[in-house]
Amino acid sequence: MDSATEPFVAHRNLLFTVAYEMLGSAADAEDVLQETWLRWVDVDLETVRDQRAYLVRITTRQALSRLRTLRRRKESYVGPWLPEPLLTAPDVAEDVELAESVSLAMLLVLETLAPVERAVFVLREVFGVEYEEIAGAVDKSPAAVRQIAHRARAHVAARRPRGAVSPDESRAALKAFQRAIETGDLQSLLDMLAPDVVLLGDGGGVKQAVVRPIVGADRVARLLTAGMPRFAGGLEVEPVQINGGPALIVRVDGEIDDVVAVRVDDGLITGLYVVRNPEKLSRVERETAVSR
């Protein structure tokens, strides 16, 4: 490989993860990587001291530009918007910080940040980029970046998921949830759900989905079991890892109907994220590499 291609390929998974965590969309993250490459090949590499940092800077700037466009697109989105789910490798769950940072729950928290705040938080808290490097990426002074980071950290801390859960605990909870879904056993579902569980749905105006959050174990369990009879014998439920956490791919008559990502705390399910929009399901049949 030539001098430009080798470092880009070496850091590609990292750059994708940066862009995805800023955008919540794999398709847009791929577009950002393409734009990063086009700018990278025009760089005089003799002047680049740290190729990784330079590539992250280009990616961040392109993602910030794309984020503003994406926000306008979300304003006209039909129904609630959820991040695009990714099928991830089992080892992602072993990196607790990475798994939390790409989880649908955390990406929804990041949606509440302003674009620059989101960029600063992702670069500093997830990837450990120095303040001086972040300043160059977001066109702010290092002092301003420190203030933004402090503000973003406090904002996220007040809203972030409760705490890390071991992969074994997540798998056990998912297995019990899958069994309850497949059997339509209302009581088993109630036993798995936290009293304040929240279910969010995204159909994108193409598939039927809940238009507002469903809160409470009884309401969520009844909603889930009510949908089972219409699938009859054509329902298949496959346990997978989505965005570093437990999830189910639900197939009806062999076709993917939806992805249900599960948030587990203290052995109980506290969050369910149901993505049905077909345009967001292209990344759940093959693994997407994410890294720090």
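Remember, it's a predicted structure, so these values are computed and weren't measured experimentally. The figures here come from the full heavy-atom set of this structure, side chains too, leaving out hydrogens, waters and symmetry mates.
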**Request:** Sort and list the pairs that fulfil salt bridge (charged side-chain N to carboxylate O under 4.0 Å, His left out) and have at least one residue in residues 77-96, not counting sequence neighbours.
**Result:** Asp95-Arg292
**Prompt:** Counting only N and O atoms by type, is there a donor-acceptor contact under 3.5 Å from the side chain of Glu125 to the main-chain atoms of Arg153?
**Reply:** no
**Request:** Examine distances only and state if a side-chain atom of Thr17 and a backbone atom of Ser291 form a donor-acceptor pair shorter than 3.5 Å.
**Result:** yes
**Tyr273 and Asn243: side chain donor to acceptor below 3.5 Å** = no
**Message:** If we ignore hydrogens and angles and just use 3.5 Å, is the side chain of Asp202 paired with the main-chain N or O of Leu82 as donor and acceptor?
**Reply:** yes
**Prompt:** With a 4.5 Å heavy-atom cut-off, do Glu285 and Leu87 have their side chains touching?
**Reply:** no
**Prompt:** Within the side chain of Arg39, is there an N or O that forms a donor-acceptor pair under 3.5 Å with the backbone of Glu35?
**Reply:** yes
Side-chain donor/acceptor pairs under 3.5 Å, residues 103-118, sequence neighbours excluded:
residue	atom	partner	partner atom	Å
Ser103	OG	Glu100	O	2.8
Ser103	OG	Met106	N	3.1
Glu111	OE1	Lys74	NZ	2.8
Glu111	OE2	Lys74	NZ	2.7
Glu111	OE2	Arg118	NH1	2.7
Thr112	OG1	Val109	O	2.5
Thr112	OG1	His155	NE2	2.7
Glu117	OE1	Ala114	N	3.1
Glu117	OE2	Arg151	NE	2.9
Arg118	NE	Glu21	O	3.0
Arg118	NE	Met22	O	3.0
Arg118	NH1	Met22	O	3.4
Arg118	NH2	Glu21	O	2.9

Scan the side chains in residues 136-147 for donor-acceptor partners under 3.5 Å anywhere in the protein, sequence neighbours excluded, and list what turns up.
residue	atom	partner	partner atom	Å
Asp139	OD1	Arg61	NH2	3.2
Ser141	OG	Ala144	N	3.1

**Request:** Could you tell me whether the side chain of Thr59 and the main chain of Val56 form a donor-acceptor pair under 3.5 Å?
**Result:** no
**Message:** Per the salt bridge (charged side-chain N to carboxylate O under 4.0 Å, His left out) rule, what does the pair list look like for residues 237-249, sequence neighbours excluded?
**Reply:** Glu238-Arg251
**Message:** Quick check: do Val32 and Leu23 have side-chain heavy atoms less than 4.5 Å from each other?
**Reply:** yes
**Message:** Let's go through Lys175 and Glu182 carefully: what are the C-alpha distance in whole Å and the side-chain angles of both, what is the deciding distance for salt bridge (charged side-chain N to carboxylate O under 4.0 Å, His left out) to 0.1 Å, and is it a yes or a no?
**Reply:** CA-CA 11 Å; Lys175 186 175 181 180; Glu182 290 175 328; over 6 Å; no
**Prompt:** Okay, side chain of Arg66, backbone of Ala29: is any donor-acceptor separation there less than 3.5 Å?
**Reply:** no
**Asked** Is Phe8 close to Val41 at the side-chain level, that is, under 4.5 Å between some pair of heavy atoms?
**Response** no
**Request:** Inspect the surroundings of CD in Glu97 and state if more than 12 heavy atoms from other residues, nucleotides or ligands are less than 6.0 Å away.
**Result:** no
**Message:** Among residues at least two apart in sequence or on other chains, which ones pass salt bridge (Lys or Arg N to Asp or Glu O under 4.0 Å) with Asp185?
**Reply:** none
**Within-4.5 Å side-chain heavy-atom neighbours: His11 and Tyr54** = no
**pair Arg73-Asp28: side-chain heavy atoms closer than 4.5 Å** = yes
**Message:** Just to verify, what does Phe127 make a ring-ring contact (aromatic ring centres under 6.0 Å, His included) with, not counting sequence neighbours?
**Reply:** none
